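Each chain gets a letter, A, B and so on, in the order the sequences are listed, and its residues count up from 1. Because the structure is predicted, anything quoted here is derived from the model rather than measured.
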Amino acid sequence: MLTKKDIRFILDNLERMYPDAECELTHSNEFELLIAVVLSAQATDALVNKVTPGLFEKYKTPEDFVAVDLEEVQNDIRRIGLYRNKAKNIQKLCRDLIEKYDGEVPNDYQQLVNLAGVGRKTANVVMSVSFGMPAIAVDTHVERVSKRLGFCRWKDSVLEVEKTLMKKIPEDEWSDTHHRMIFFGRYHCKARNPDCPSCPLLEICREGKKRMKKLEMV
DNA sequence: CTCCCGATAT
DNA sequence: ATATCAGGAG
């Protein structure tokens, strides 16, 4: 397990590698961010960003998403994948925004997770990015990086990972570190072919050392 | 746990 | 061909 010194080493190096890491989903208000994050489930940011400009040109408010047929929303987001679930969730989510929150995105974690298609991860992203609250949204990258670096065990659930990170990382560094871990996971500590040989964190990374030994045998 | 799902990199 | 992508609902 990681010592406090190890964790400080990790946080400092992540800051050095990605000083300006931030949300890469293009959006111009909290409603657009919410929709973009819902759409981003099991899809790349790059793909979502190809679809959302045209989408937000057509649908500017919750009322706009509710005014058309379900199939029309499906067609407009089809390329992102999982489009049947996402279209249904988005329409229900928009109905709830209109009925419960006067068409606004609530600045409240519990109210966000109760929306259709919004889970812990999405709610945390909106709270952090749109409302500036300290949060750690555990997505596939944060989970993988946390487990490889040794923040937690491989069998830990997403919720366990989130709790562990919140305990081991100072609250005022949650949001920045969270975005830096995503960049690190997306561009360096990749799922498929992680670049361990050039990794500044190699000396404290159990998984990285294991991979290096395998590389030496070739 | 399974299912949803198209786009992209390997 | 196959793994993976800012997950969530049933």
Heavy-atom nearest nucleotide on DNA chain C taken for A/Ala191 and for A/Arg120; more 5' hit belongs to A/Ala191
Beyond-backbone contact of A/Glu63 with A/Cys94, side-chain heavy atoms, under 4.5 angstrom: no
Looking at NZ of A/Lys168 and OG1 of A/Thr3, how far apart are the two atoms once the value is rounded to the nearest 0.5 Å? 9.5 Å
Between CG of A/Leu112 and P of C/dA6 the distance, given in whole Å, is 21 Å
To the nearest Å, give me how far apart CG (A/Asp139) and P (C/dT4) are. 15 Å
Report all side-chain donor-acceptor pairs from residues 103-112 of chain A shorter than 3.5 Å, counting only partners two or more places apart or in another chain.
{"unit_1": "A/Asp108", "atom_1": "OD1", "unit_2": "A/Gln110", "atom_2": "N", "d": "3.0"}
{"unit_1": "A/Asp108", "atom_1": "OD1", "unit_2": "A/Gln111", "atom_2": "N", "d": "2.9"}
{"unit_1": "A/Tyr109", "atom_1": "OH", "unit_2": "A/Arg120", "atom_2": "NH1", "d": "3.3"}

Report the distance from atom NE2 of A/His141 to atom P of C/dA6, rounded to the nearest whole Å. 3 Å
Let me know the distance between CG of A/Asp96 and P of C/dA9, rounded to the nearest Å. 12 Å
A/Leu34 CG - C/dA6 C1' separation (whole Å): 14 Å
Using heavy-atom distances to pick each residue's nearest nucleotide on DNA chain C, tell me which of A/Asn89 and A/Ser40 is more 5'. A/Ser40
How close do A/Val51 and A/Asp76 get, counting heavy atoms only, and between which atoms? CG1-O, 3.6 Å
Backbone of A/Asp64 reached by a side-chain donor or acceptor of A/Thr61 within 3.5 Å: yes
Side-chain polar contacts of residues 7-17 of chain A - donor-acceptor pairs under 3.5 angstrom, sequence neighbours left out - could you list them?
{"unit_1": "A/Arg8", "atom_1": "NH1", "unit_2": "A/Asp12", "atom_2": "OD1", "d": "3.1"}
{"unit_1": "A/Arg8", "atom_1": "NH1", "unit_2": "A/Glu173", "atom_2": "OE1", "d": "3.4"}
{"unit_1": "A/Arg8", "atom_1": "NH2", "unit_2": "A/Glu173", "atom_2": "OE2", "d": "2.8"}
{"unit_1": "A/Asn13", "atom_1": "OD1", "unit_2": "A/Arg16", "atom_2": "NH2", "d": "2.5"}
{"unit_1": "A/Asn13", "atom_1": "ND2", "unit_2": "A/Phe9", "atom_2": "O", "d": "3.0"}

Between C/dA6 and B/dT2 - P atom distance, rounded Å: 23 Å
Regarding A/Val125, tell me which of base, sugar-phosphate or nothing describes its non-hydrogen contacts under 4.0 Å with the strands shown. base
Quick one: label A/Leu33 by what it contacts on the DNA or RNA (base, sugar-phosphate, nothing), any heavy atom closer than 4.0 Å. nothing
Results of ring-ring contact (aromatic ring centres under 6.0 Å, His included) for A/His141 - residues two or more places apart only: none
Is the Lys NZ or Arg CZ of A/Arg78 less than 6.0 Å from the centre of A/Tyr83's six-membered ring, within 45° of the axis? yes
Looking only at atom C1', what distance separates B/dC5 and C/dT2, rounded to whole Å? 15 Å
Only pairs at least two apart or in different chains count here, so list each ring pair (Phe, Tyr, Trp, His ring centres under 6.0 Å) that has a residue in residues 186-209 of chain A. A/Phe183-A/Tyr187, A/Phe184-A/His188
For residues 149-178 of chain A, which residues have at least one heavy atom under 4.0 Å from DNA chain C? A/His178
Whole-Å distance separating the CD atom of A/Glu22 from the P atom of C/dA6: 16 Å
Kindly point out which of C/dC5, C/dA6, C/dG8 is positioned nearest to the side chain of A/Asp45? C/dA6
Protein within reach of the bases, or only the backbone? For nucleotides 3-10 of chain B, mark each nucleotide 5' to 3' as B, S or -, using heavy atoms under 4.0 Å. -BBBSSBB
